[in-house]
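Below is one structure, written out as structure tokens, with a few remarks after it.
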Amino acid sequence: MSPELQSPPLAQPRAPGDVRTEEMLLNIGPQHPSTHGVFRVVVQTDGEIVLDSEPHIGYLHRCFEKIAESVDYLKVTPYTDRLDYLASMCNNLGYCLTVEKLMGLQIPRRATRLRMIVAELNRVASHLLAFGTYGMDSGAITPFLHAFRDREAILKLFEIICGQRLNYNYVRIGGLAEDAPPRWLDQVAAFVDFFEPKIDEYDALLSYNGIFIKRAANIGVLPAATAISWGCTGPVLRGSGVRRDIRKDEPYLEYDKVEFDVPIGRGEVGTLGDCWDRYMVRVREMREACKIVRQVLKDVPEGPVMAPEAKKVLRPPKGEVYYRIENPRGELGFYVVSDGKDKAVRIKCRSPAFCNLSVLREIAHGCMLADMIMIIGSIDFVMGEVDR
């Protein structure tokens with residue numbers, strides 16, 4: 001028999017407990033279904049243990065800031081839709097409030113109240129997607145179907161008021177694109193009546209499911225001090241027990257005229273600041289959003305929805321301004337510099353998802369490889385905003 005065809009020598013048996021491993025680099029993404037977008041993370045593992053993780057972004061670059069400096073102020077609004085495309089109403093609102101502050105525009109009260117309604121409905125729609133996809137991350141398909149069923153009702157309301165289901169371009173500088181159609185407010189009230197009991201179903205279906213708790217509790221623990229030092233905001237920060245919400249701390253629109261709570265992580269099923277806490281903050285925020293919408297619906301006055309000073313060509317005075325709002329993922333801020341012409345000299349977007357995602361390396365060290373998916377999903381980022 002030729003040497004090439006001979007069988008290799010049998011491996012020598014190892015002594016009990018003699019386990020030998022070697023480190024391995026593993027790519028998760030950029031097309032992995034559980035990375036929630038075109039996101040890539042290079043994971044260094046020792047067997048099933050994650051030793052290090054290096055996030056790689058830039059696969060969905062929008063070039064938003066440079067484009068925004070090459071078109072006039074009004075034409076920037078549609079580009080904000082494409083940032084956090086799961087919360088386009090809120091993106092429109094944040095940019096328009098920034099320019100309105102620079103110009104000193106006074107917005108009609110009816111427009112202000114309608115803005116609050118669409119922003120809170122969009123918050124619910126965004127958190128519904130986070131709830132459903134996080135269930136799939138843990139191996140549960142049914143919550144995803146429930147979430148999309150109920151989110152569809154919100155998308156229909158948005159389609160009625162602005163004609164779109166994803167990129168709305170409804171909130172405009174000076175007010176709104178158009179008024180709410182007849183009986184639309186009644187339809188919003190009917191949705192809230194329908195939706196609030198569903199949140200109890202979500203808790204029974206997923207939140208307090210024993211298997212889900214085993215998957216989400218005590219992993220990806222983010223201490224409050226670490227969250228603050230990395231600039232985390234929104235549910236990621238509040239999940240660590242920090243009661244920080246722009247709507248409460250620096251009220252805009254008329255959030256100071258409505259009553260609502262700011263849910264925070266309490267460590268009730270595991271360690272404070274774990275994946276379950278971040279998830280649960282979003283579920284509880286859906287209840288608070290419904291509470292806000294109910295209060296706003298009681299006082300939506302008649303009148304115009306666009307300020308008369310808002311012209312087709314805007315030339316804000318020379319100056320600079322930074323304004324921030326509470327997006328579903330945290331603090332969304334816009335910095336605008338004007339030289340008095342119809343185009344901004346500089347527009348900068350402060351993305352909450354970008355800062356929240358930056359902490360991934362800190363909280364993933366030492367976890368199991370399967371837990372890495374749960375940690376990524378608990379951050380709830382949108383890559384269109386991260387790669388802006």
Side-chain angles (χ1 to χ4, degrees), residues 73-74 76-77 80-81 87-125 154 157-164 168-193 245-262 285 288-312 314 316-317 321-328 331-334 336:
Y73 287 93
L74 293 176
V76 173
T77 310
T80 65
D81 287 307
S88 297
M89 288 288 191
C90 302
N91 295 351
N92 294 167
L93 178 61
Y95 168 72
C96 291
L97 285 173
T98 305
V99 179
E100 289 162 3
K101 182 179 180 181
L102 183 61
M103 298 180 64
L105 280 178
Q106 295 297 317
I107 309 304
R109 190 161 183 268
R110 179 175 178 84
T112 296
R113 303 296 277 189
L114 288 175
R115 283 178 170 189
M116 292 179 68
I117 292 174
V118 297
E120 292 307 312
L121 288 177
N122 208 173
R123 191 181 313 278
V124 173
I154 299 177
L157 289 172
F158 286 164
E159 190 173 6
I160 292 170
I161 200 171
C162 70
Q164 297 291 334
Y168 306 113
N169 191 24
Y170 178 62
V171 181
R172 304 287 179 86
I173 299 173
L176 301 171
E178 56 186 25
D179 201 353
R183 300 192 66 252
W184 187 80
L185 295 178
D186 295 334
Q187 292 173 299
V188 172
F191 165 76
V192 175
D193 291 338
D245 191 310
I246 304 295
R247 295 172 296 172
K248 282 279 191 182
D249 300 335
E250 301 173 18
Y252 53 95
L253 298 180
E254 293 188 1
Y255 280 105
D256 55 339
K257 298 181 180 180
V258 295
E259 295 293 330
F260 65 99
D261 297 324
V262 178
E285 281 186 1
E288 300 305 315
C290 291
K291 187 189 300 184
I292 293 172
V293 171
R294 283 193 187 278
Q295 295 175 68
V296 175
L297 286 173
K298 294 178 181 179
D299 182 18
V300 181
E302 297 295 329
V305 295
M306 181 61 75
E309 301 86 359
K311 303 176 182 179
K312 292 185 177 180
L314 300 178
V321 63
Y322 177 77
Y323 201 85
R324 53 190 174 184
I325 68 169
E326 188 67 37
N327 237 31
E331 179 186 316
L332 173 69
F334 288 94
V336 177

When rounded to the nearest 0.5 angstrom, what distance separates CD1 in Ile292 from CD in Gln295? 7.5 Å
With a 4.5 Å limit on heavy-atom distance, are the side chains of Asn169 and Gln164 in contact? no
Provide the closest heavy-atom pair for Cys90 versus Leu332 in the form atom of the first, atom of the second, distance. O-CD2, 4.1 Å
Run the side chain to side chain contact (heavy atoms under 4.5 Å, CB included) test on Leu93 and Val118 for me, step by step, so that the C-alpha distance in whole Å, both residues' side-chain angles and the decisive distance to 0.1 Å come before the verdict. CA-CA 10 Å; Leu93 178 61; Val118 297; over 6 Å; no
Where is the tightest heavy-atom contact between Glu326 and Asp245, given as atom of each residue plus distance? CG-OD1, 3.4 Å
Here the pair of heavy atoms bringing Ala310 nearest to Leu105 is N-CD2, 4.4 Å
Cut-off 3.5 Å, no hydrogens considered: what does the side-chain donor-acceptor table look like for residues 297-308, sequence neighbours left out?
residue : atom : partner : partner atom : Å
Asp299  : OD1  : Arg109  : NH1          : 3.3
Asp299  : OD2  : Arg109  : NH1          : 3.1
Asp299  : OD2  : Arg109  : NH2          : 2.6

I'd like to know if the side chain of Asn122 reaches the main chain of Met89, judged simply by a donor and an acceptor atom lying under 3.5 Å from each other, with no hydrogens or angles considered. yes
Under a 4.0 Å N-O cut-off, is there an ion pair linking Arg247 with Glu120? yes
Residues Leu157, Gln187; criterion side chain to side chain contact (heavy atoms under 4.5 Å, CB included); working and verdict: CA-CA 8 Å; Leu157 289 172; Gln187 292 173 299; 3.7 Å; yes
If I take atom CG from residue Leu314 and atom CG from residue Leu102, how far apart are they, to the nearest 0.5 angstrom? 10.5 Å
In sequence, state the C-alpha distance, the side-chain angles, and the governing distance for Leu97 and Val171, and then conclude on side chain to side chain contact (heavy atoms under 4.5 Å, CB included). CA-CA 10 Å; Leu97 285 173; Val171 181; over 6 Å; no
Would Thr77 and Asn92 satisfy side-chain hydrogen bond (donor to acceptor under 3.5 Å, both in side chains), going step by step from the backbone distance to the final call? CA-CA 6 Å; Thr77 310; Asn92 294 167; over 6 Å; no
Given Phe158, which partner from the list Phe191, Trp184, Tyr168 fulfils the ring pair (Phe, Tyr, Trp, His ring centres under 6.0 Å) test? Tyr168
Donor-acceptor pair, distance only, cut-off 3.5 Å: does the side chain of Tyr95 make one with the backbone of Tyr73? yes
On a heavy-atom basis, which atom in Glu100 and which in Gly174 lie closest, and how many Å separate them? OE2-N, 2.8 Å
Ion pair present between Lys248 and Glu288, side-chain N to carboxylate O less than 4.0 angstrom? no
Considering non-hydrogen atoms only, spot the tightest contact between Tyr322 and Gly333 and give its length. OH-CA, 3.4 Å
Residues at least two apart in sequence or cross-chain that pass side-chain hydrogen bond (donor to acceptor under 3.5 Å, both in side chains) with Arg110, listed by chain then number, are Asp179
Do Arg123 and Ile154 pass the side chain to side chain contact (heavy atoms under 4.5 Å, CB included) test, and can you show the C-alpha distance, the side-chain angles, and the key distance before you say yes or no? CA-CA 10 Å; Arg123 191 181 313 278; Ile154 299 177; over 6 Å; no
For residues Thr80 and Ser88, determine if any side-chain heavy atom of one lies less than 4.5 Å from a side-chain heavy atom of the other. no
Between Gly175 and Arg115 the two heavy atoms that sit nearest each other are O-NH2, 3.0 Å
With the threshold set at 4.0 Å, does a side-chain nitrogen-carboxylate oxygen contact exist between Lys291 and Glu259? no
A quick test of your reading: do over 12 heavy atoms of other residues, nucleotides or ligands sit less than 6.0 Å from CD of Gln106? no
With sequence neighbours left out, what residues match Glu178 under side-chain contact (heavy atoms from CB on, under 4.5 Å)? Tyr170
So how far is it from Ile173 CD1 to Leu74 CG, rounded to the nearest 0.5 Å? 5.0 Å
Could you measure the distance from the CD atom of Glu254 to the CD1 atom of Ile107? Nearest 0.5 Å is fine. 12.0 Å
